[in-house]
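Reading through the structure tokens given below for one structure.
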Amino acid sequence: MFAGIAILTLGLLKLVINMVKMLSVKRHLESYAKWLKEGTGAAVFENRGVAIRLLEEAGVTDASLPYAEPIGFGQVATSSMSVFENYPANRKDLVIIMVQKFQEAIGTYRSRSLEAINP
């Protein structure tokens, strides 16, 4: 009987933890969208580390984008930039990928929550 209660408790704990993380990622996505729309809100910058940590805990991998910038005299500097390192950014290409990363994390936490109910 004790083993059954322990398994049920662990399942409920897993459900609650993953639901909280999913809701937290949704809140960060909404905060990012608000910042993009209005251009105000220090919360995006204050919670940057938390948002990146939640994405990494969900198993979401960083993406690199190629970047080229003219430096003069017909020369072009090329490199790649990390999406996570440049979060929050308002460049269209970075925004599209970052929103996809948030949505991927939401899906991961949702599926983990469902696994707790129906393994």
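Every heavy atom of this structure was used, including side-chain atoms; hydrogens, water molecules and symmetry mates were not. Index from 1, following the sequence.
With sequence neighbours excluded, the residues satisfying ring-ring contact (aromatic ring centres under 6.0 Å, His included) with F45 are W35. Every residue was checked against the ring-ring contact (aromatic ring centres under 6.0 Å, His included) condition with F84, not counting sequence neighbours, and none meets it.
Considering all non-hydrogen atoms of both residues, Y32 and A89 come closest at OH-O, 2.7 Å. Across all non-hydrogen atoms, the minimal contact from V76 to A68 is CG1-CB, 3.9 Å. For the residue pair L55 and K101, the shortest heavy atom distance occurs at CD2-O, 3.5 Å. Heavy-atom minimum distance, R112 versus A58: NH2-O, 3.5 Å.
Linking Ile, Leu, Val, Met, Phe, Trp and Tyr residues whenever their side-chain heavy atoms come within less than 4.5 Å leaves V16 and L23 in two separate clusters. At a threshold of 4.5 Å between side-chain heavy atoms, the hydrophobic network of Ile, Leu, Val, Met, Phe, Trp and Tyr places V99 and I52 in one connected group. Criterion: ILVMFWY side-chain heavy atoms under 4.5 Å apart, direct or through other members. Under it, I17 and L12 are not part of a common hydrophobic cluster. Clustering ILVMFWY residues whenever any of their side-chain heavy atoms sit less than 4.5 angstrom apart, transitively, puts L65 in the very cluster that holds Y67.
A salt bridge is defined here as a Lys NZ or Arg NE, NH1 or NH2 lying under 4.0 Å from an Asp or Glu carboxylate O, and K34 with E30 fails to meet this definition.
For the salt bridge (Lys or Arg N to Asp or Glu O under 4.0 Å) condition, the pairs that include at least one residue of residues 77-92, sequence neighbours left out, are R91-D93.
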Verdict with supporting geometry, L36 and V95, side-chain contact (heavy atoms from CB on, under 4.5 Å): CA-CA 9 Å; L36 288 169; V95 169; 3.6 Å; yes
Full working for side-chain contact (heavy atoms from CB on, under 4.5 Å) between L94 and M81: CA-CA 9 Å; L94 291 173; M81 64 177 126; 4.0 Å; yes
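You'll find the side chain of Y87 reaches within 4.5 Å of the side chain of R48, heavy atoms only. Looking only at side-chain heavy atoms (C-beta outward), H28 and N47 come within less than 4.5 Å of each other. Between L10 and K14, the closest side-chain pair of non-hydrogen atoms is not below 4.5 Å. At least one side-chain heavy atom of L54 sits less than 4.5 Å from a side-chain heavy atom of S24. Inter-residue side-chain proximity for I106 and L29 is flagged as met; some heavy-atom pair is nearer than 4.5 Å.
With D62 contributing its side chain and V83 its backbone, the two residues share a donor-acceptor pair below 3.5 Å.
To the nearest 0.5 Å, the span separating CG on L13 from OG1 on T9 amounts to 8.5 Å. Atom OG of S111 is separated from atom CE of M22 by 10.5 Å, given to the nearest 0.5 angstrom.
Partner Y109 forms a side chain to side chain contact (heavy atoms under 4.5 Å, CB included) with one of M19, E104, E57 and no other, that one being E57.
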